[in-house]
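Computed from heavy atoms alone, side chains included, the values below leave out hydrogens, waters and symmetry copies.
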Amino acid sequence: MANLRRTAAALLATASALLPVSPTASAAPSPVLARESFDRLPLGPVTEGRDWTSDTSDGTLTVTRASTGHGRELRIRTEGNGRAFLVFPHLAPPGNSFWARMRLKVDAFPTAPDWAHWTLAEASGLDSPTLVRPLGGQYVPTEKRNFYGVGSDLGPTGDWTAWQTSAPATAGKWQCVEFHLDATDNRVTVYFDGVPQPDLTVSTDRHGGTTDPFIFPTFDKLKLGWQLYQSDPSPSSYDVRLDDIALSTRRIGGCAD
C-alpha cells in the first residue's frame, strides 16, 4: 500500500509539471512606457525611432556621436522661432500619470526679444485643448537671463509659464531632468540632477494662470525638443542635445549618479 501511495504521488507530480502554465499568470506589467538612448539608430538625420516620430518646422533632428564620447545622442536644431520635437504619439499612462527622465543640454537660450518664451516638453490629449508644458521657460529682461518654468496653454487657465528665479536656465551644460505628471492633483513636479525643485511645482489650484482649476487632459502624446514662439530671436538658431530618455509609471532614477 505504501508503494502504491508513493507511485500515485509521483504520477500526480509528473502530471502537474506537464500542465500548461500561463506566462502572464504571475508576471507584473513593466512600468516602462518608452525608452530611447539613440545608440541603435544610424548616424544622420532622423524622423522616427522605436515608439516615436517627429514634429518639425524650420528644425531638424540628427543622431550624432555622443559629445561625452560614449554612444550616440540626438541633436535638435531650429532656425528662428522654429520647432523640432521627438514625439511619443501613443502614450496611455495608467491613471493618466507618468514620470519622464532625460539628459539635456541647451547650447544657448534667447536674449531677445524681451520675454522670449520657449518649450522643451509638452504633453497633450485629444479630449481637451489644454497643453501641459512640464519643462520650458522664458527670458526675463528685468533679470537679463532665462529661467525654467512649468506652463500651459489653450485651456481654461490660459497661456502661462510659471518661471522662477530659483531655477536659472544655464546654457552649455548637461543636466539630468525629471518630471512627474500626477493626475490625482493635476500636479507637475520637476527635478534637476536628482534634486527636487519645489518652486516649480504646480497643481489644480496652484499655478500661473487664471483662477480656474488646472486640469490635465487624458494624455496620449508627449513631445520633447525645442520650440521658441517669438519671431526674430537672438540668437537666430538653437541647438539642443537629448539622450537617455525614459518614460515610466514609476520614477526611473539615475539622475543622482
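The two residues Val177 and Cys255 have their closest heavy-atom pair at N-SG, 4.1 Å. When all heavy atoms are compared, the tightest approach of Leu247 to Ala100 is CD2-CB, 3.6 Å. When every heavy atom of Leu242 is checked against every heavy atom of Glu73, the shortest pair comes out as O-CB, 3.6 Å.
Salt bridge Arg133/Glu122: present, at least one basic N to carboxylate O contact under 4.0 Å. The pair Arg83-Asp58 fails the salt-bridge criterion, with no side-chain N (NZ, NE, NH1 or NH2) lying under 4.0 Å from an Asp/Glu carboxylate O. For the pair Arg101 and Asp244, the salt-bridge criterion is not met [side-chain N within less than 4.0 Å of a carboxylate O].
In summary, the side chains of Asn81 and Ser231 do not present any donor paired with an acceptor at a separation below 3.5 Å, with no hydrogens or angles considered. One side chain, Asn146 or Trp118, offers a donor N or O that lies under 3.5 Å from an acceptor on the other. Side chains of Asp185 and Thr204: a donor-acceptor N/O pair is present below 3.5 angstrom, by distance only. No hydrogens or angles considered: a donor-acceptor pair under 3.5 Å links the side chains of Arg241 and Thr64. Counted by atom type alone, Ser152 and His207 present zero donor-acceptor pairs between their side chains at under 3.5 Å. Defined by atom type and a distance below 3.5 Å, a donor-acceptor pair is present between the side-chain atoms of Asp199 and Ser166.
Counting non-hydrogen atoms of other residues, nucleotides and ligands closer than 6.0 Å to NZ of Lys221 gives a total of 12 or fewer. Enclosure of atom CZ in Arg251 by more than 12 non-hydrogen atoms of other residues, nucleotides or ligands within 6.0 angstrom is indicated.
Residues Phe192 and Cys176 form no side-chain contact, since every pair of their non-hydrogen atoms from C-beta on lies 4.5 Å or further apart. Between Leu33 and Thr249 there is a side-chain heavy-atom pair separated by less than 4.5 Å. For the pair Tyr238 and Arg77, the minimum side-chain heavy-atom distance is 4.5 Å or more. Counting only heavy atoms from C-beta outward, the side chains of Phe38 and Leu61 never approach each other to under 4.5 Å. Counting only heavy atoms from C-beta outward, the side chains of Leu181 and Pro134 approach each other to under 4.5 Å. Between Asp127 and Pro217 the shortest side-chain heavy-atom distance falls below 4.5 Å. Proximity of Val188 to Thr201: side-chain heavy atoms (C-beta onward) are nowhere separated by under 4.5 Å. The side-chain heavy atoms of Leu41 and Glu48, taken from C-beta on, include no pair separated by under 4.5 Å.
To the nearest 0.5 Å, the span separating CG on Asp55 from CG on Leu224 amounts to 12.0 Å. Interatomic distance, OG1 of Thr157 versus CG of Asn186, reported as 10.0 Å (0.5 Å rounding). Taken from CG in Asp107 to OG in Ser237, the straight-line distance is 9.5 Å, to the nearest 0.5 Å. Rounded to the nearest 0.5 angstrom, Arg40 CZ and Arg72 CZ are separated by 11.5 Å.
When atom types are taken as modelled, the side chain of Asp220 and the backbone of Leu91 share no donor-acceptor pair closer than 3.5 angstrom. A donor-acceptor pair is defined here as one N or O able to donate and one able to accept, closer than 3.5 Å; no such pair exists between the side chain of Thr78 and the backbone of Trp226. Looking at Thr130, its side chain never comes within 3.5 Å of a backbone N or O of Ser128 through a donor-acceptor pair. Proximity of a side-chain donor or acceptor of Ser54 to a complementary backbone N or O of Thr47 within less than 3.5 Å is detected. At distances below 3.5 Å, at least one donor-acceptor pair connects side-chain atoms of Ser30 with backbone N or O atoms of Val32. Checking side-chain atoms of Ser97 against main-chain N and O of Ala183 turns up a donor-acceptor pair under 3.5 Å.
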Between Leu74 and Val63, is the side-chain contact (heavy atoms from CB on, under 4.5 Å) condition met? List the steps.
CA-CA 5 Å; Leu74 186 69; Val63 176; 4.3 Å; yes
What's the verdict on salt bridge (Lys or Arg N to Asp or Glu O under 4.0 Å) for Arg103 and Asp243, showing C-alpha distance, side-chain angles and the deciding distance?
CA-CA 5 Å; Arg103 293 181 62 244; Asp243 203 357; 3.7 Å; yes
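For Trp163 and Tyr139, the ring centers sit 6.0 Å or farther from each other.
For the pairing with Tyr191, the ring pair (Phe, Tyr, Trp, His ring centres under 6.0 Å) check across Tyr148, Trp99, Phe179 returns one residue only, Trp99.
Between Phe216 and Phe219, the ring planes are tilted. Angles from 30° to 60° get that label.
Note on Val190 and Val195: separate hydrophobic clusters, where clusters join Ile, Leu, Val, Met, Phe, Trp and Tyr whose side-chain heavy atoms are under 4.5 Å apart, directly or indirectly. Criterion: ILVMFWY side-chain heavy atoms under 4.5 Å apart, direct or through other members. Under it, Leu43 and Trp52 are part of a common hydrophobic cluster. Residues Leu131 and Phe88 are members of separate hydrophobic clusters, defined by side-chain heavy-atom contacts under 4.5 angstrom among Ile, Leu, Val, Met, Phe, Trp and Tyr.
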